[in-house]
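All of these numbers come straight from a predicted model, not from anything done at the bench. Every heavy atom of this structure was used, including side-chain atoms; hydrogens, water molecules and symmetry mates were not. A, B, ... follow the sequence lines: proteins, then strands. Residue 1 opens every chain.
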Number of protein chains: 2
Amino acid sequence: MARAPREPGRGAVRRRDDGRLERGRRTRRRLREAARSLINERGFDHATLRDIAERAGMGTSSIYRHVRSKEELLIWELAELQSEAWTRFRASDDKVSPTRERIGRFFEVQHQLLASQPDFTVIALRAATYPPKPAARASLKLADQTVAILAEILQSGRKNRDLDPTLDLLAAANALFQVASSARMSWANGLLTEKACRKSIEASVDLLFRGIGSRS
Amino acid sequence: MARAPREPGRGAVRRRDDGRLERGRRTRRRLREAARSLINERGFDHATLRDIAERAGMGTSSIYRHVRSKEELLIWELAELQSEAWTRFRASDDKVSPTRERIGRFFEVQHQLLASQPDFTVIALRAATYPPKPAARASLKLADQTVAILAEILQSGRKNRDLDPTLDLLAAANALFQVASSARMSWANGLLTEKACRKSIEASVDLLFRGIGSRS
DNA sequence: CCATCAACGCCAACAGGTTCGCAAACGCTT
DNA sequence: AAGCGTTTGCGAACCTGTTGGCGTTGATGG
């Protein structure tokens with residue numbers, strides 16, 4: 001009754017690489033491409049699974065051999081883009097600039113990643129609102145990866161005496177992540193222009209660095 | 001073609017109070033009660049509109065005479081509980097205690113409000129991920145009300161020299177709101193116990209007050 | 001009293017994500 | 001070659017939120 005499909009990338013191949021597995025990978029590529037393009041054209045909520053399946057040249061229900069929910073199609077995409085972006089960022093990060101500056105560059109990269117498609121932010125968040133579903137965990141995992149990078153930056157900053165030495169890295173990284181996501185949601189909801197969204201993120205990061213309390 | 005129903009509480013009664021309007025209110029009460037109980041029993045996602053309608057003694061599609069989406073049923077409930085809670089809080093808030101303490105009390109009240117039903121946090125957030133729908137705006141409005149109270153507290157705190165005098169009130173209030181919501185989402189996703197959720201909120205608030213940066 | 005109109009109500013149907021049951025493809029073992 | 005297990009594929013059906021079209025109710029105005 002192995003009904004649930006494996007995760008895309010890993011998934012213990014407990015057997016010699018099969019011809020079927022190869023076929024499966026090819027199908028997944030087609031599916032991924034069809035989903036990507038259709039979601040780009042119409043937006044996630046207007047891209048029907050039936051249409052995606054048609055474009056991918058397969059039956060609708062076959063999608064569920066490769067994915068456990070519609071959201072996972074977008075999570076796939078986001079996971080890949082994100083992992084690329086984060087390795088690029090890690091390579092370009094000098095680890096010696098002032099921490100505030102490094103965080104600023106990080107959010108620039110993230111913004112570049114997410115600004116093309118509001119759906120990335122919106123659907124990832126929505127997926128997290130279905131706690132029992134695997135897509136929720138997948139989405140939280142992506143968020144964790146992002147938080148981890150922020151924590152990494154903060155850690156080296158703390159070592160350089162650039163930050164409060166008693167700082168709770170994860171809590172701080174998480175707060176940074178949250179305020180950025182919040183701004184991007186406002187953007188997706190049409191309350192902020194892209195420019196204003198960017199500015200809001202910058203302002204919130206500044207706020208977090210300085211803190212709310214007075215410095216007397 | 002007045003197909004869309006009015007908002008629950010307000011909604012310009014542009015006519016003498018009708019017997020029909022009275023009937024409508026009665027129906028809405030029944031609907032509200034049915035929705036509340038069924039959602040409490042089974043959780044939002046397992047409470048079917050067909051079941052809710054049956055318990056309320058009405059046809060399924062009649063629900064849409066009073067509500068524009070399923071989410072609004074929960075938003076109703078949350079709006080009412082929240083407005084009660086906030087007035088209670090405003091009454092009990094002394095406006096002179098240290099700001100950190102007042103914020104702490106606020107989050108206690110909010111936690112008491114939201115800890116009974118993860119759905120409140122989860123579905124309100126989900127509703128915000130459907131930008132074109134009215135429920136999204138309704139949810140954002142509720143969030144804004146909460147942020148407004150936090151901003152109010154911060155404002156008097158700033159006046160009392162308790163906070164950074166150049167503080168951006170709304171940005172700060174929003175950040176506080178976000179970190180609390182984030183912790184509650186982790187709780188809803190089973191990553192945190194209720195106790196841990198509470199502690200996480202406290203820790204994040206402390207973090208926000210002190211700031212990330214060093215105090216050299 | 002009758003025409004009108006707004007609010008309310010409901011059956012049927014639709015739409016789209018998801019599941020079911022079964023079959024084909026493919027490799028492995030005997 | 002035959003049997004077996006696993007992966008992949010698919011049409012039909014299911015579930016549930018939502019919409020359409022039409023009827024009912026009750027107040028109002030001439």
(request) Check the distance between dT7(D)'s C1' and H66(A)'s NE2 and give it to me in whole angstrom. (result) 9 Å
(request) Would you kindly check if the NZ (Lys) or CZ (Arg) of R137(A) is within the cone defined by 45 degrees around the ring axis of Y130(A) and under 6.0 Å from the six-membered ring centre? (result) no
(request) Would you please classify the geometry between the W187(B) ring and the H111(B) ring as parallel, tilted or perpendicular, with 30° and 60° separating the classes? (result) tilted
(request) For the residue pair R102(A) and E152(A), establish whether any side-chain heavy-atom pair is separated by less than 4.5 Å. (result) no
(request) Please report, rounded to the nearest Å, how far the P atom of dC8(C) is from the CZ atom of R28(B). (result) 5 Å
(message) Can you give me the closest heavy-atom contact between A172(B) and L154(B), atom names plus distance?
(response) CB-CD1, 3.7 Å
(message) Using side-chain heavy atoms (C-beta onward) and a distance below 4.5 Å, is K133(B) in contact with R68(B)?
(response) no
(request) Round to a whole Å and report the spacing from OH of Y64(A) to P of dA13(D). (result) 19 Å
(message) If I take atom CZ in residue R26(B) and atom C1' in nucleotide dC8(C), what distance separates them, rounded to the nearest angstrom?
(response) 13 Å
(message) Quick one about E72(B) and H66(B) (side-chain donor to acceptor, distance below 3.5 Å, no hydrogens or angles considered), yes or no?
(response) no
(message) If you only use heavy atoms from C-beta on, which nucleotide in dT18(C), dG17(D), dG21(D) is closest to the side chain of R65(B)?
(response) dG21(D)
(request) Take atom CZ of R23(B) and atom C1' of dG26(D), then tell me their distance rounded to the nearest Å. (result) 8 Å
(message) Rounded to whole Å, how long is the line connecting atom CG of L73(B) with atom P of dG17(D)?
(response) 10 Å
(request) Determine to 10° how strongly the helix from dC1(C)-dG30(D) to dT30(C)-dA1(D) is bent, judged from the axes of its five-pair ends. (result) 10°
(message) I need the NZ-C1' distance between K133(A) and dT19(C), as an integer number of Å.
(response) 12 Å
(request) Provide, to the nearest angstrom, the distance between the CZ atom belonging to R25(A) and the C1' atom belonging to dC26(C). (result) 14 Å
(message) For residues 174-186 of chain A, which residue pairs pass the side chain to side chain donor-acceptor pair (under 3.5 Å) check, not counting sequence neighbours?
(response) Q110(A)-R184(A), N174(A)-S182(B), Q178(A)-S182(B), S182(A)-N174(B), S182(A)-Q178(B)
(request) Return yes when atom CD of E41(A) has more than 12 non-hydrogen atoms of other residues, nucleotides or ligands closer than 6.0 Å, and no otherwise. (result) yes
(message) I want to check a possible cation-pi pair here: K70(A) against F44(A), using under 6.0 Å from ring centre and within 45° of the ring axis as the test.
(response) yes
I'd like a table of atom pairs between the protein and nucleotides 11-16 of chain C - only N or O on both sides, under 3.5 Å - with the distance next to each one.
from, atom 1, to, atom 2, distance (Å)
dC11(C), N4, S61(B), OG, 2.3

